[in-house]
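Take a look at the structure below.
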Amino acid sequence: MLSYDALSVLWFILWAVLWIVYFTLDGYTLGVGILFPFLRKNEREEAQLQEVVGPFWNGNEVWLITAGGATFAAFPLVYAEMFSTLYVPLFLILFGLFYRATGLEFMSKGSGRFWKASWTFAFFGGSLAVALLLGVAFANMFYGLAFDRTMNAVTLASLLNPYGILGGLLFVAFAVLSGSLWTAHKVSGPLHDRARSVAGWAWFVVLGLHGLFLSATANRTTILDNYNAYPILYVVPALALLLLLLVRFFYARGRLLWSFLMTSGAIALTTATGFIGMFPRMLISRLDPAASITLYEARASELTLSIMLFVAVIFVPIVIGYQLWAYRLFRAKIRPEEAKGYR
Amino acid sequence: MPDVLLLSRIQFAVTIMYHFLFVPLTLGLVLLVAIMETLYARTKDDLYRRMADFWGKLFVINFALGVVTGITMEFQFGTNWSEYSKFMGDIFGAPLAIEALVAFFLESTFIGIWIFGRERFPKLRALSMWMVALGTTLSSLWIITANGFMQNPVGYTLVDGRVHLENFWAVLFNPYVWYMLVHTLIGSYIVGSFFVLGVSAYHLLRRQHVEFFHRSFKLALALALFATVMAPLSGHLAGLNAAKVQPAKAAAFESIWESGEAQPFFLLAVPSLKNDGNIIEWGKIPYLGSLLTTNSPTGYVKGLGDIPADERPPVWIVFWSFRLMVGLGLFFLAVAGYAWWRERKGTLLEARGLLKALPYFIPLPYVAINLGWVVTEVGRQPWIVYGLMKTADAVSPISIGDIVFSLVGLVVFYTSLIIADVYLLVKHAKAGPEVAASPGEPPAKAPKAPAGRPQEA
């Protein structure tokens, strides 16, 4: 059996993986939300865009809830400190999630132009706020939060440092790229062409911000300490960059699904780059390094970690299995004349 | 910092009660829609498909809000109750994580398959709706497992002043969990069945889609009868169990102040706001108090007077919530019984008074089930974890400004969402089934021709 320490490290990895999967999957959903008002030209295209994310968005969002629940179960101290210190940003993210979901589902269910316009804006604004703030919040997690040993609340203003804002913009750009590629892959008709051209320029924005973000990470954070201790780890950010280049390679050849998958991989590995640099810290203090919380301080009991591992080993593959099955079920191209959307 | 505590408690009450406006309808309605889907799969009768489509659409509107208001709950223990989270994390986090992994993924994935796949893959209709039903029910099991520990802590040890898991099975098979779970599910079936009864009655009164709504009515009536009979029974058993482990709560049910055997029951009792006795006690029925609390006419009940004042729940809230809940429960039983009698006589469609009233009864089971949770949660006070941690010690060290911000935001945004939700439910419920075929007419092909985007009916 695993030792308590090995079990704790394994849970750190699982914890990071849950967040990474959430970022990757909700990335494209949020991207479709951000692009929605600009891509659709008529009601049929609205229905197409709704079907692009409709069957999947809810399942994607559950990865966030699972990541939250797993933080609570495996690292109660991190759960308590992370969400009470990031109080205001977290509530803003929650408000964004409210409106992203209801905007998407409600916009076509009511009647009147005001109704449609309001919920369309809710879908757009909610998605944009969530993507931006999640990017800002996690960039700050990598950078270090402005808390000391009193665990004072971290203000929104202290998160809006250049590095945090850069992280937010990067995730918004990633979401737009991912969402436009997913849309282009899923639909046919004029919407396909529009989404495809958005992906074309979004890629350049991502590439630029990605380069800036990596160099800022190298200069401004302590993330690279682990990499310098174990240079083999540089494989992860290098691979992120390689996948980002492959996005263009496949895009230029019209292999949009592959281009989308490479984007997802790049999002996952870029996020992973940060989590690897945090290890074994889970909440980094930039005011007082000694106030940082490590996984060893935060972990739950050995029994809880073992039971949770047992549950995860059984259910995570089952969940991935039926989610993949759902993606397969809805693999057909969404054509404008057939799309129904949410009604 | 009493103000942060008070505001945090108000915020928790607001968020959980808003959330619980949607959960019980989800739990109750999904069962009826899943049964309709199975009936359709078995009989190939298209009316059942149209029923599942119509009620399923209302289900989906409601479900969206359940999801949205649920996310807040997942994070709120960390944001506002960080001391509680640190104290309880080892036990409380696991059921929440398992709930997400086992239940939320299931319901959210399969609701997507049902919404977007029911026309393309008709064979998956029943399966996907039953998976949603399974997911929602499993979700209630895990969240009540978490709550059960707060009511009756079992299977733990205290290490460094924190709760440590010692026996997972004891936590899961905590009797408190199972009494609460059954009673909550049954209450949700009342919410779901009265919703269907009310909407059906609206249309039956107007003689529109008679066959469609009469069949829906009968299906919901069967569930309503079962649930309204079971609610008092399951509630009584849950109350007996609570009396065993939470004497203060049980005494507050009937506002019993003096310890003793053979407690009477008062038809009218008014607990004082000072939480130190009853101002009025009238209409004494001997032995009934003991009978209700202990299942024995001469059973011993510990009175609130023998519980230190700082360990008593606010009795008047628990007492009135309990009475009102029980009264509503008996009222639902009477309504379901009367509807069943009219249905049996074959005069349901002439029972205009009943059909007129039923739509107005739709909110009442919501009130009752929320009162039930008020009894459960307020009755546990001043403890957040019974006997282990007081609510006052559980709150996060956050600033007043932060909590005012979140509370105002939640109230404003939730209210806007609820207005939208009720508007959509009323609109779609009143519109009736999509294919407006009168009985006897052959049902048209379901989806409208794509010529011109289907403008919402």
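Below, chain A is the first sequence line, B the second, and so on; all start at residue 1. These figures come from a predicted structure and were not determined experimentally.
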- Message: Set out, in order, the CA-CA distance, both residues' side-chain angles and the distance that settles side chain to side chain donor-acceptor pair (under 3.5 Å) for A:Y99 and B:S416, then state yes or no.
- Response: CA-CA 10 Å; A:Y99 284 106; B:S416 78; 2.7 Å; yes

- Item | Heavy-atom pairs under 4.5 Å with chain B, option from A:V88, A:T71, A:V78 with the top count | A:V88

- Test A:L303 against B:D90 for side-chain contact (heavy atoms from CB on, under 4.5 Å), laying out the working first. CA-CA 9 Å; A:L303 180 60; B:D90 201 45; over 6 Å; no

- Item | Euclidean distance, B:D402 CG relative to A:L156 CG, rounded to 0.5 Å | 10.0 Å

- Message: Test side-chain contact (heavy atoms from CB on, under 4.5 Å) on A:K109 and B:K427; report intermediate values, then the result.
- Response: CA-CA 9 Å; A:K109 284 195 168 106; B:K427 173 183 146 85; over 6 Å; no

- Message: Could you walk me through whether B:F105 and A:Y322 satisfy the side-chain contact (heavy atoms from CB on, under 4.5 Å) test, starting with their C-alpha distance in whole Å, then the side-chain angles of each, then the deciding distance to 0.1 Å, before giving a yes or no?
- Response: CA-CA 9 Å; B:F105 275 122; A:Y322 62 65; 3.2 Å; yes

- Which residues pass the side chain to side chain donor-acceptor pair (under 3.5 Å) test with B:T79, sequence neighbours left out? none

- Note on the structure: Heavy-atom closest pair (B:A94 atom, A:T304 atom, distance to 0.1 Å) is CB-CG2, 4.5 Å

- Query: Using non-hydrogen atoms only, which part of B:I113 is less than 4.5 Å away from chain A: side chain, backbone, both, or neither?
  - Reply: both

- Leading residue by heavy atom contact count with chain B [cutoff under 4.5 Å; candidates A:A326, A:P76, A:A73]: A:A73

- Item | Which of B:T109, B:I115, B:V159 touches chain A most, by non-hydrogen pairs under 4.5 Å | B:T109

- How long is the gap from CD1 on B:I98 to OG1 on A:T66, to the nearest 0.5 Å? 11.5 Å

- In terms of heavy-atom pairs under 4.5 Å, which option from B:V67, B:N80, B:L96 contacts chain A the most? B:N80

- Message: If I measure from the heavy atoms of chain B, does A:E105 come under 4.5 Å with its side chain, its backbone, both, or neither?
- Response: side chain

- Parallel, tilted or perpendicular: rings of B:F116 and A:Y342 (30°, 60°): perpendicular

- Closest contact, heavy atoms only, B:E74 versus A:G69: OE2-CA, 3.2 Å

- Query: Who are the side chain to side chain contact (heavy atoms under 4.5 Å, CB included) partners of B:L134, not counting sequence neighbours?
  - Reply: B:L106, B:M131, B:L138

- Pick from A:F56, A:W63, A:W119, A:Y79: which one has the most heavy-atom pairs with chain B under 4.5 Å? A:Y79

- Message: Check the orientation of B:Y414 and A:F98. Use parallel for under 30°, tilted for 30 to 60°, and perpendicular for over 60°.
- Response: tilted

- Message: Surrounding NZ of A:K41 (heavy atoms of other residues, nucleotides or ligands, distance under 6.0 Å), is the total greater than 12?
- Response: yes

- Atom CZ of A:F310 with >12 non-hydrogen neighbours under 6.0 angstrom: no

- Checking B:F87 against chain A: side chain, backbone, both or neither under 4.5 Å from a heavy atom? neither

- Message: Under 4.5 Å from any heavy atom of chain A, what part of B:L65 do you find: side chain, backbone, both or neither?
- Response: side chain

- Task: Go through the steps for A:N58 and B:F104 under the test side-chain contact (heavy atoms from CB on, under 4.5 Å), then give the verdict.
- Result: CA-CA 9 Å; A:N58 203 339; B:F104 292 159; over 6 Å; no

- Query: What part of B:F121 lies closer than 4.5 angstrom to a heavy atom of chain A: side chain, backbone, both or neither?
  - Reply: side chain

- What distance do B:L101 atom CG and A:I314 atom CD1 have between them, rounded to the nearest 0.5 Å? 10.0 Å

- Task: Please flag which part of A:E46 lies under 4.5 Å from any non-hydrogen atom of chain B: side chain, backbone, both or neither.
- Result: neither

- With a cut-off of 6.0 Å (strictly less than), are more than 12 heavy atoms of other residues, nucleotides or ligands near CZ of A:R335? no

- Query: Which atom names give the shortest non-hydrogen contact between A:F106 and B:D421, and what distance separates them?
  - Reply: CZ-OD1, 4.3 Å

- Considering only heavy atoms from C-beta outward, does the side chain of B:R120 approach that of A:F330 to under 4.5 Å? yes

- Which portion of B:I61 sits near chain A, non-hydrogen atoms under 4.5 angstrom: both

- Item | Check ion pair A:E297-B:K86 (N to O, under 4.0 angstrom) | no

- Item | Part of A:L64 within contact of chain B (heavy atom distance under 4.5 Å) | both

- Highest number of heavy-atom pairs under 4.5 Å with chain A: which of B:S108, B:G409, B:P95, B:G89? B:S108

- Note on the structure: Honestly, the part of B:V60 sitting under 4.5 Å from a heavy atom of chain A is both

- Item | Interface moiety of A:I65 toward chain B, non-hydrogen atoms closer than 4.5 Å | both

- Note on the structure: Scanning both residues in full, the closest heavy-atom pair of B:I398 with A:S84 reads CG2-O, 3.9 Å

- Against chain B, label A:L329 side chain, backbone, both or neither, depending on which of its atoms sit under 4.5 Å from a heavy atom there. both

- Message: Please classify the contact of B:E83 with chain A as side chain, backbone, both or neither, using a heavy-atom distance under 4.5 Å.
- Response: neither

- Which value, rounded to the nearest 0.5 Å, describes the distance between A:L97 atom CG and B:T72 atom OG1? 9.0 Å

- Query: Which atoms of B:L424 come close to chain A, meaning under 4.5 Å heavy atom to heavy atom: side chain ones, backbone ones, both, or neither?
  - Reply: side chain

- What distance do A:S111 atom OG and B:Y423 atom OH have between them, rounded to the nearest 0.5 Å? 3.5 Å

- B:S406, B:S82, B:S396 screened by side-chain hydrogen bond (donor to acceptor under 3.5 Å, both in side chains) with A:Y87, the one that passes: B:S406

- Among the options A:W325, A:W115, A:W57, pick out the one with the most heavy-atom pairs lying under 4.5 Å from chain B. A:W115

- Query: Do the ring planes of B:F92 and A:F72 sit parallel (below 30°), tilted (30 to 60°) or perpendicular (above 60°)?
  - Reply: tilted

